[in-house]
Amino acid sequence: QVQLVESGGGLVQPGGSLRLSCAASGSIFSINAMGWYRQAPGKQRELVAAITSGGSTNYADSVKGRFTISRDNAKNTVYLQMNSLKPEDTAVYYCAADLSFRAVVRGTPGYWGQGTQVTVSS
C-alpha cells in the first residue's frame, strides 16, 4: 500500500501563488508516476499535471505556463507550483500515484490522496 498526504492548500487572491506538496510513504517501490488532479463543485475530476520518476511531464492546457510540477525522488514527494492563480482554479486538489504513467494521466491511478482545498478569491 501507498499513502499520499497533500499539504499547502489555502485561500489566495487572484494572481497569487501557492505550492502544493504530496508526500508518498509505504510501498513506494510500486509507484513511478505521480500527478495532481482537481475537482471543482459540480464538475468532474480533471488532470492538472503528471510526472514520471525521470521527469517527463504532462499538463492540462488550462494550466500550461502557470503551473509547474516537480518531484524530489529522494523525499518521495511531488510538488505543484501554481502561479497567476485564477478564480477558476478553485477546487479540491488531489495527489495521484501509480506504477504506470498512463494510469495517472488517464485518471485511473492506484493511489489517491485525501485532497487539499485551493480557493482563489478576492
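All heavy atoms count here, side chains included; hydrogens, waters and symmetry mates do not.
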### Message
Rounded at 0.5 Å granularity, tell me how far OG in Ser21 sits from CG in Asp72.
### Response
10.5 Å
What pairs of donor and acceptor atoms, side-chain ones from residues 6-16 against any protein atom, are under 3.5 angstrom apart with sequence neighbours left out?
{"residue": "Glu6", "atom": "OE1", "partner": "Gln114", "partner atom": "N", "Å": "3.0"}
{"residue": "Glu6", "atom": "OE1", "partner": "Gln114", "partner atom": "NE2", "Å": "3.3"}
{"residue": "Glu6", "atom": "OE1", "partner": "Gly115", "partner atom": "N", "Å": "2.9"}
{"residue": "Glu6", "atom": "OE2", "partner": "Cys95", "partner atom": "N", "Å": "2.7"}
{"residue": "Glu6", "atom": "OE2", "partner": "Gly115", "partner atom": "N", "Å": "3.1"}

## Note on the structure
dist Phe101:CZ -> Thr52:OG1 (nearest 0.5 Å) comes out at 6.0 Å
### Query
Has Arg38 got its NZ or CZ under 6.0 Å from the middle of the six-membered ring of Tyr94, at an angle within 45 degrees of the ring axis?
no
### Query
Can we say Asp89 and Lys86 salt-bridge, meaning some charged N sits less than 4.0 Å from an Asp/Glu carboxylate O?
no
### Rounded distance [0.5 Å steps], OH in Tyr79 versus CG in Leu20
12.0 Å
### Message
If you count heavy atoms of other groups shown closer than 6.0 angstrom to CD of Glu88, is the number above 12?
### Response
yes
### Message
Within this structure, what is the OG1-CG distance for the pair Thr108 and Asp98, rounded to the nearest 0.5 Å?
### Response
7.0 Å
### Query
How long is the gap from CD1 on Ile28 to CG on Asn76, to the nearest 0.5 Å?
3.5 Å
#### Entry: Short side-chain to backbone donor-acceptor contact, Thr77 and Lys75, under 3.5 Å
yes
### Task
Before giving the answer on side chain to side chain donor-acceptor pair (under 3.5 Å), spell out for Asn83 and Ser17 the whole-Å C-alpha distance, their side-chain angles and the decisive distance to 0.1 Å.
CA-CA 4 Å; Asn83 299 327; Ser17 298; 2.9 Å; yes
### Query
Going through the distances and angles, do Val2 and Ser30 end up as a side-chain contact (heavy atoms from CB on, under 4.5 Å)?
CA-CA 8 Å; Val2 173; Ser30 64; 3.5 Å; yes
### Closest contact, heavy atoms only, Gln117 versus Thr90
NE2-CG2, 4.0 Å
### Summary
Only residue of Leu47, Val63, Val48 satisfying side-chain contact (heavy atoms from CB on, under 4.5 Å) with Trp36 is Val48
### Task
With sequence neighbours left out, write down each residue that passes ring pair (Phe, Tyr, Trp, His ring centres under 6.0 Å) with Tyr37, or none if nothing qualifies.
Trp112
### Residue that, paired with Ile51, satisfies side-chain contact (heavy atoms from CB on, under 4.5 Å) out of Ile69, Leu80, Val104
Ile69
### Query
With no hydrogens and no angle check, do the side chains of Asn73 and Ser53 hold a donor and an acceptor under 3.5 Å apart?
no
### Message
Looking at Ala103, is its backbone amide N or carbonyl O close enough to the side chain of Ser100 to form a donor-acceptor pair, meaning the two atoms are under 3.5 Å apart?
### Response
yes
### Query
Can you tell if the side chain of Met82 reaches within under 4.5 Å of the side chain of Tyr93, non-hydrogen atoms only?
yes
### Query
About how many Å separate CG of Leu85 and OG of Ser121, when rounded to the nearest 0.5 Å?
12.0 Å
### Task
Taking all heavy atoms of Ala97 and all of Met34, pick out the closest pair and write down the distance.
CB-CG, 4.1 Å
